[in-house]
Every structure is written in structure tokens, then in C-alpha cells.
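Written below as C-alpha cells is the structure these notes are about.
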Amino acid sequence: MRPFAYATPPDAREAVLAVAERPDASFLAGGTNIVDHLRLGVATPGLLVDVTALTSAEIEDLPDGGLRIGAAVRNSDLAADHRVRARYPVLAQALPSGASGQLRNMATTGGNPLQRTRCVYFQDVTTPCNKREPGSGCAAIGGATRNHAILGASEHCIATHPSDMAVALAALDAQVQVLGPDGDRTIPFTDLHTLPGSTPEHDTVLGHGDLITAIDVPALPLATRSRYRKVRDRASYAFALVSVAACLDVADGEVHDVRIALGGVAHKPWRAHRAEEALRGAPATDESYRAAAEAALTDALPQEGFDGGNAFKIPLLTGTLVSTLRELAGEETRT
Amino acid sequence: METELTLQVDGATHRLRVDTRTSLLDALRQRLGATSPKKGCDHGQCGACTVLVGGRRILACLALAVAHDGAEVTTAAGLAPGPDEDHPVHRAFVDHDAFQCGYCTPGQVCSAVGVLDELERGWPSAVTADVAGGPDLADAGAVDREIAERMSGNLCRCGAYKGIRAAVAEVVGVAEGARR
């Protein structure tokens, strides 16, 4: 492991400046991903700036009925919060479906969306990877692609984003509060992560030194009827093959409003706008849900791979979305 | 690069200098001789290094020692209320043959203590049917599913899971009974 300096500046502003002025500096929060990357040689910072104590660890009520989640709130505390459980079940379900109890006690709200892909080639420094080493190639293409993307991938990178929490936040129209070297700004959560294109070394639109200070979840009454459904190779403690975050409001047998985001299928949590458009005003039936899945997957491009590839994700995701929406519609309906 | 920090481990305070790269696990085992937390994978995948920090279970292998200055660490060896006494989780593991080789056991025990606290607080898990209401501790089947889910971050190569589930269930049952 490359030696690194460790700093705990007095406040978030100083932390941002400390990272911004050193190209090889990184923020440290819960450490669950970066500490592993230090050990694997995937990350080689010369300075770690610990921000764990510099951002809020509180969940505050917003005037509109939403919540402001401080970046230092641990994943386990967020999942346990009674307001989250009542107002945003999709988020309260997504959080404990990721990682293990020990990891959720460490991982933070600000760090979780910034965790890197679990693509095995990205984590193996003996293989080419455009995300880890731009221009070196992609060992995943044609390799083992079971866990890789079917939407929005490029010839340079087919990695998926691993977070469950992020899929729920994408469905909930969350907003990211960022403190950067030039001041504060707010980024819609769905704009935080990028597609790989020709620059897969970037996971997000954040610049060097930009620090997530909080994530706001707006009031969203339809989210009281919401659900996170995750499908994986074992029942617990595994990353998603596919996942669905959905909020559904059905009135008089018709879909009044809906939010859908998909996990395990793309370089970013995939907000399924096309599926939502297909559903608004449609009868709340399996046929509509299937049509919505088709709309979401219009541009899907499965990967071939020596492990059999990932074309299975198309029927798997279709079935998962249909059953999730069916279950939600089956809960108490609005009259 | 070296740095100085304080750790409270199983009730004793230690002042030590460590390289910034030192994990909490290596600081415990190699610097302080606290060898009950084990190094299994060293990548946060097996749970053998589980300890309690401030009463909450974490993975010591993914924690940098330097980031835990002042932390109050409890290992499986420090859970006992006194010399020659067992913690109820220790006793239940013995009574239910909840191990074979024993390597993962200190991590399993710390994780189980964390699980008991999380159930006590009513935290939901991925298998909790009513996420707003919390886990249903009155239903033995639901309790078994909760235990399996909540202990999934601790692997046992010997496959002693049946005994581990029974041991944790017994302590959950005792705690639940004591509350009534």
C-alpha cells in the first residue's frame, strides 16, 4: 500500500480546500470501499482527508415535509429512522438489502453513492480497465459479464453501479447538496452519476474537491406506497443482478402517478422515465406493467461473455418490475 | 507516515504510534495483543474481524486505526462481565455447538451481540415484512429469518450455521422474555 498522510481539518470548507489543492488527495468517510481499494492498489492517494466528523450526522425535517439527510448519517441509522420507514419505505428497504450489518454501521449517506463499481476487472490491478487506468482497455467486455450493464454501456466500460440506496434515491427525486472549492450547489440525484462514454474513469459529475454534505429527499406522498425489490445470486449479502425501486399511486384502477428506478443494469442508478410515461394513465394491469418494462428496456444491449453473458437480465428485470408493481397495486388503493 | 492515537480496548486504555496504513484489526492484533478478532479475508467479506466500536458492530479490517482515535473497542474476549464468567452469547454458542474450528467465532459472537441490540431497537432488516413496524419477535419463524439475514455478513467455513442460528435465537428469546 502506498504511504499516505491523514488529515482531519477543522471544518468541511477546509477539508474541501485540502483535497482541491492536492491532485492525489481523497476524502475518507466510512471507508468501507476506499480502504479495500487502498489494500488492492486500486486507489493510491497520497493524502486522506477524513470528513466523517465534518458533515452532519442528523436527519432533519424540511419545511415541505421532506428530509435532509446529513452526509455522515450511517446507512444503518438512516434505515432505522422512523420518518424514512413511514414516508419512504423504498429507501428503508433498499438500505438493509445492501452489504452487511457491520458495513451499514460504517458506511455513510455521502459515501454510499460514491462507492465504486464491483466489476471484478476494475478491482483486479493485473487486468486492463479503462475506469482504473484510462486507455488500458476493458477486460470485462467478452469476459465474465453476468454482473454487467445492459443499458447505457459503452465500448470502453460496461460496469454497473453497486449501490442499492442510490437506486431508491433516484426514484425519490432526491437532491444532492455539494460543497466545492467554489461554494455550494445542488445537483439532482439522477444527474449525479454519469454514463461511461469515453471517460469511464469518472463515475459522477463531481469535480476534485467536491464534497457531498447532505442529501435531500423531497416530500413525495406517493412514496408511502413504495418498494425495493432486489434479485441476486444468493439471498443475502450480495450485489444486485437487477433491482427495482418503485413508488405507485393507483386510483380507480388506473396508474395516477409512478416513480421507477432500476439497479444492476447500468453505470448509474437508472431512472426509468420511459416506463413511467408508459404507465401514467394506463390501467393498473400486468399488461401495462409489462409494456412499461418493454419501454424501459427498448435500448437494452445485453453483453456476451464466457460465463454465458447477461441477456438473462432482460426477462429477469421484466418479471421483477411486473411483480413489484403488481404487489404495490395490490396494497390499499386510493378511492 | 506515523501517527499517535488512543484506543480503549476491552476496558483498557492504550496509547500507540501506528503507520497511517494500519487497519484497526492489525493495531488490535499486532500492536495490542488483542487476538480474538481474526483476519479472514481482510477485504470486508467474511466478518471474522467483527468488533464492537461504541457498542456497534463493525469490520475492523476496513477501519483505519488512525480514523478511530479515542474509540471504545470491545472484542469477543472483552464481552465477559468478569474473569471466569461468560457472556450469554458465549454460553449459547457453547451450548448449541455453534462452531467447529472456532476461527470465525469471535466475529460471530460480536456480530450476534450487535444483532441483539439492533433487534432490541426495532431496526428493520431486508426480511422484515413490515418495515415501518419493525421485526416481529413473537414469531419464531420470523425470528429465525431475521437472524439468518442479520448474521449473513459472518461466514463460517465449517458450516456451523445451524448451531449459530440456534444460539442467537436462544439469546434473542431470553432477552425478549426478560423484557416482558
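The analysis underlying the following values was restricted to heavy atoms, covering all of them including side chains, and did not include hydrogens, waters or symmetry mates. Numbered from 1 within each chain, the chains take letters A, B, ... in sequence-line order. Keep in mind the model is a prediction, meaning the values are calculated, not measured.
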Fill in the blank from the handout: Max heavy-atom pairs within cutoff under 4.5 Å with chain A, candidates B:Leu59, B:Thr50, B:Val115, goes to B:Leu59
Exercise for the section: Could you tell me whether B:Arg56 and A:Asp77 make a salt bridge, using a distance below 4.0 angstrom between a side-chain N and a carboxylate O? Expected result: yes
Problem - Under 4.5 Å from any heavy atom of chain A - which part of B:Glu2 - result: neither
Problem - Heavy-atom contact with chain B under 4.5 Å, split by part of A:Asp50 - result: side chain
Handout entry: Portion of B:Thr3 that has a non-hydrogen atom of chain A nearer than 4.5 angstrom
Key = neither
Handout entry: B:Glu149 versus A:Ser236, closest heavy-atom pair with distance
Key = OE1-OG, 2.8 Å
Problem - Inter-residue atom distance A:Thr32.OG1 - B:Ile58.CD1, 0.5 Å rounding - result: 11.0 Å
Handout entry: Contacts of type ring pair (Phe, Tyr, Trp, His ring centres under 6.0 Å), residue A:Tyr121, not counting sequence neighbours
Key = none
Problem - Reported CG-to-CG distance for the pair A:Leu48 and B:Leu64, which is rounded to 0.5 angstrom - result: 6.5 Å
Problem - Residue selection (most heavy-atom pairs with chain B, distance under 4.5 Å) from A:Ser100, A:Ala53, A:Ser76, A:Ala99 - result: A:Ser76
Problem - Exam field: side chain A:Arg39 to backbone B:His43, donor-acceptor pair closer than 3.5 Å - result: no
Handout entry: Any donor-acceptor N/O pair, B:Arg21 side chain to A:Arg2 backbone, under 3.5 Å
Key = no
Problem - B:Asp42 portion near chain A, given a 4.5 angstrom heavy-atom threshold - result: both
Exercise for the section: Specify the closest pair of heavy atoms between A:Leu103 and B:Gly44, including all atoms of both residues, with the distance to one decimal. Expected result: CD1-O, 4.0 Å
Exercise for the section: Could you grab the distance from atom CE of B:Met1 to atom CZ of A:Phe4, nearest 0.5 Å is fine? Expected result: 9.0 Å
Practice task
Would you give the length of the straight line joining atom OG of B:Ser125 to atom CG of A:Leu95, rounded to the nearest 0.5 angstrom?
Solution key: 12.5 Å
Handout entry: Interchain contact, A:Ala79 with chain B, by part (heavy-atom threshold 4.5 Å)
Key = backbone
Fill in the blank from the handout: Most contact-rich option vs chain B, by heavy-atom pairs under 4.5 angstrom, among A:Gly98, A:Gly30, A:Gly101, is A:Gly101
Fill in the blank from the handout: Rounded to the nearest 0.5 angstrom, the CZ-CE distance for B:Arg57 and A:Met106 is 12.5 Å
Practice task
With rounding to the nearest 0.5 Å, note down the distance linking CD in A:Gln102 to OG in B:Ser152.
Solution key: 8.0 Å
Problem - Under 4.5 Å from a heavy atom of chain A, the part of B:Cys61 involved - result: both
Practice task
Tell me, yes or no, whether the heavy-atom count around A:Glu327 atom CD, taken from other residues, nucleotides or ligands under 6.0 Å, exceeds 12.
Solution key: yes
Practice task
Heavy-atom distances under 4.5 Å only: say whether B:Ala148 touches chain A with side chain, backbone, both or neither.
Solution key: neither
Exercise for the section: Write down the atom of B:Val131, the atom of A:Pro89, and the distance for their closest heavy-atom approach. Expected result: CG1-CB, 4.1 Å
Problem - Where A:Ser97 and B:Ala126 come nearest, the two heavy atoms and their spacing - result: CA-CB, 3.9 Å
Exercise for the section: Check the surroundings of atom CD in B:Glu72: do more than 12 heavy atoms from other residues, nucleotides or ligands lie under 6.0 Å from it? Expected result: no
Handout entry: Those residues of residues 108-117 of chain A, ordered by number, that approach chain B below 4.5 Å (heavy atom to heavy atom)
Key = none
Exercise for the section: Show the numbers, then the answer: is there a side-chain contact (heavy atoms from CB on, under 4.5 Å) between B:Asp130 and A:Arg85? Expected result: CA-CA 9 Å; B:Asp130 175 5; A:Arg85 288 155 67 181; over 6 Å; no
